[in-house]
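Data block below; observations after.
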Amino acid sequence: MPREFDEKRVLTVARDGSERALDLPPGAYATPRVSGDGRRLLLERAQSVEVLDLERGTTAQIARGPFGTSFPTWSGDDRSILT
């Protein structure tokens, strides 16, 4: 499989179908989850979990290493991340 196959861009799509690329380098992103307030995006990337603050444009790695499960998601109150 070519390496480029896993190089993905993260996009937002508006209700009218217009797309906007987020300011992230291409990578192997997976399982994006938007927080309930719509301000943060949770992503899996290369055996880590990262949170992108959509208002500030900053990214923070919150967990690293292999996980027993995948598909991390926000808790009901957006204060915790479940993996």
Side-chain angles (χ1 to χ4, degrees):
M1 176 179 354
R3 180 170 188 220
E4 298 84 31
F5 187 76
D6 282 334
E7 295 294 308
K8 300 172 185 157
R9 300 287 302 174
V10 180
L11 305 172
T12 61
V13 180
R15 291 180 192 253
D16 65 4
S18 60
E19 299 176 354
R20 179 178 62 99
L22 297 180
D23 190 23
L24 294 170
Y29 299 100
T31 64
R33 301 281 188 258
V34 178
S35 62
D37 62 9
R39 295 179 181 180
R40 295 173 292 163
L41 179 66
L42 180 63
L43 295 164
E44 281 186 272
R45 180 177 180 209
Q47 293 192 353
S48 69
V49 177
E50 299 178 6
V51 175
L52 170 64
D53 185 313
L54 295 169
E55 293 179 344
R56 295 180 183 161
T58 57
T59 304
Q61 183 181 66
I62 58 167
R64 184 163 182 82
F67 301 102
T69 62
S70 45
F71 305 106
T73 191
W74 297 100
S75 63
D77 62 3
D78 289 337
R79 291 183 180 186
S80 302
I81 295 168
L82 312 169
T83 59

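- With hydrogens and angles ignored, the 3.5 Å screen pairs no side-chain donor or acceptor of D23 with any backbone N or O of G57.
- Taking each heavy atom of S75 and L82 in turn, the nearest pair found is CA-CD1, 4.3 Å.
- Residue pairs meeting the side chain to side chain donor-acceptor pair (under 3.5 Å) criterion with at least one member in residues 13-22, sequence neighbours excluded: D16-S18.
- The two residues E50 and Q61 come nearest to each other via the heavy atoms CG-CA, 4.1 Å.
- In the displayed structure, D77 atom CG is contacted under 6.0 Å by more than 12 heavy atoms of other residues, nucleotides or ligands.
- Around atom CZ of R9, more than 12 heavy atoms belonging to other residues, nucleotides or ligands sit under 6.0 Å away.
- The side chain to side chain contact (heavy atoms under 4.5 Å, CB included) with R40 is formed by just one residue from the set V51, I81, L54; it is V51.
- To the nearest 0.5 Å, the span separating OG1 on T31 from CG on L43 amounts to 7.0 Å.
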Next on the checklist: side-chain contact (heavy atoms from CB on, under 4.5 Å), that's the test. Do R45 and L24 meet it? Break it down for me.
Outcome noted: CA-CA 11 Å; R45 180 177 180 209; L24 294 170; over 6 Å; no
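- Heavy-atom minimum distance, L42 versus W74: CB-NE1, 3.7 Å.
- Of all heavy-atom pairs between L11 and A21, the closest is CD2-CA, 3.5 Å.
- Side-chain N or O atoms of D78 include none that pairs as donor or acceptor with a backbone N or O of S35 at under 3.5 Å.
- Among residues two or more places apart in sequence or in another chain, the side chain to side chain donor-acceptor pair (under 3.5 Å) test is passed with T12 by none.
- Looking at E44 and P72, their side chains come closer than 4.5 Å, going by heavy atoms from C-beta outward.
- Rounded to the nearest 0.5 Å, atoms CG (L52) and OG1 (T59) are 4.5 Å apart.
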